[in-house]
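All remarks here apply to the structure that follows.
First listed ligand is number 1; within each ligand, the first listed atom is number 1. These figures come from a predicted structure and were not determined experimentally. Sequential numbering from 1 along the given sequence is applied to the chain's residues.
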Amino acid sequence: VILERLCRLLLPLSGLLATGLGALAFIQKDEARFRVAFLFGLLALALLATRRWWCVSPAPVGTSVPPATTPSASATQPTASRPRILLLNASLAGHEGNSARLLALLAPRLAPHAVLTHATLAGPQATTFAALAPALNAADAYVFATGTHWDSWSSPLQKFLEDATPAEATRLWLGKPVAVLVTEHSSGGKGVLSRLQGVLVTLGCTLPPLSGLVLSHAAQLARLHAPAGPAADDLWRPADLDIVAHNLLAAAQSARPTYRSWPVDRTAFAQPWLSP
Ligand SMILES: Cc1cc2nc3c(=O)[nH]c(=O)nc-3n(C[C@H](O)[C@H](O)[C@H](O)COP(=O)(O)O)c2cc1C
């Protein structure tokens with residue numbers, strides 16, 4: 001963290017010094033000053049190139065990430081009053097998959113205004129519904145991310161939802177806003193999005209408007225050929241995460257209405273019921 005802060009400070013500073021000294025050296029035709037400006041320029045470029053390395057990496061499963069301290073956000077909203085958002089990566093590939101990449105794009109859009117917790121359902125840091133229950137209870141809102149697998153969501157997510165059944169319509173879910181992010185190669189993702197949103201609403205969650213999207217490899221390739229215009233505008237793109245983040249935050253920051261739940265069978269729902 002200290003290294004990251006140092007690098008964050010040095011990057012704009014060396015860029016500014018390089019530009020200022022370079023301009024002075026140009027005006028005064030001072031070769032020594034020009035060399036110093038060149039060195040600061042090199043430092044800024046090196047910091048920029050190694051940014052991925054010194055930036056703090058995503059937090060492991062089930063841990064809280066302190067919100068980024070943008071002056072406006074921290075000035076207006078103290079950390080304690082920010083909503084806690086749980087980001088659930090349901091990828092078959094755990095941290096290696098597209099869902100992890102998508103969540104990594106969404107997280108910085110949420111972090112200045114929320115306290116984020118990350119969890120993954122597959123891979124070396126896989127967690128379960130039971131292990132996650134305290135984090136789910138503590139969360140004010142959720143983000144679910146999954147790939148499309150044979151027209152459905154991932155098998156770890158299916159297991160998670162099955163294990164979550166006894167918590168259906170409880171305070172763990174009731175009235176909590178949820179955003180859903182789906183990726184696919186080419187087809188089936190919209191069906192996954194709509195059905196998953198339906199399941200989450202039945203568990204008790206609420207859907208903010210425009211809080212679910214499908215990023216498709218096919219759409220990404222299409223955009224390479226026609227990057228601008230109304231046709232391209234009609235395809236979901238990573239930049240649409242701005243809207244997902246905004247709408248999820250708007251819902252999570254608002255007072256939650258006092259929703260009620262209907263009676264649900266929590267004990268015998270898995271029993272065989274067929275009789276001749
Ligand atoms: C077993 C399997 C089945 C898949 N089925 C579909 C499919 O039905 N439709 C589709 O468009 N993409 C399909 N894909 C591609 C994935 O949905 C896509 O690569 C997605 O981004 C994977 O997300 P993840 O890396 O987070 O798991 C499939 C991939 C796998 C491994």
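Taking every heavy atom of Asp151 and a limit of under 4.0 angstrom, the matching atoms of ligand 1 come to 8 (O). For ligand 1, the atoms closer than 4.0 angstrom to any heavy atom of Leu92 are 27 (O). The contact set between ligand 1 and Ser99, taken as ligand atoms under 4.0 Å from a residue heavy atom, comprises 24 (P), 26 (O).
Atom 11 (O) of ligand 1 has Ser186 N, 2.7 Å as its closest protein atom, hydrogens excluded (heavy atom only). At the shortest separation from atom 21 (O) of ligand 1 among protein heavy atoms lies Thr183 OG1, 2.6 Å. For atom 25 (O) of ligand 1, the nearest non-hydrogen atom of the protein is Asn98 N, 2.8 Å. Among all protein heavy atoms, the one lying closest to atom 5 (N) of ligand 1 is Trp150 N, 3.0 Å. Looking from atom 27 (O) of ligand 1 to the surrounding protein, the closest heavy atom is Ser91 OG, 2.9 Å. In terms of protein heavy-atom proximity, atom 17 (O) of ligand 1 is closest to Thr148 O, 2.5 Å. Residue, atom and distance of the protein heavy atom nearest to atom 9 (N) of ligand 1 are Ser187 O, 2.8 Å. Of all protein heavy atoms, the one closest to atom 2 (C) of ligand 1 is His149 ND1, 3.4 Å.
At most 12 non-hydrogen atoms from other residues, nucleotides or ligands lie less than 6.0 angstrom from CZ of Phe38. Counting heavy atoms of neighbouring residues, nucleotides and ligands inside a 6.0 Å radius, atom OH of Tyr142 exceeds 12 of them.
Ring geometry for Phe144 versus Phe160: interplanar angle over 60°, hence perpendicular rather than tilted (30 to 60°).
Residue Pro156 comes nearest to Leu92 through the heavy atom pair CD-CD2, 3.4 Å, listed as atom of the first residue, atom of the second, then distance.
Ligand 1 is never approached by Gly188 to a heavy-atom distance shorter than 4.0 Å.
Using modelled atom types, one side-chain atom of Arg266 and one backbone atom of Pro166 make a donor-acceptor pair closer than 3.5 Å. A donor-acceptor pair is defined here as one N or O able to donate and one able to accept, closer than 3.5 Å; no such pair exists between the side chain of Lys29 and the backbone of Ala25.
Between Gln125 and His95, the side chains place a donor N or O and an acceptor N or O closer than 3.5 Å (distance only, hydrogens not considered). Using modelled atom types and a 3.5 Å distance limit, the side chains of Ser155 and Lys159 yield no donor-acceptor pair.
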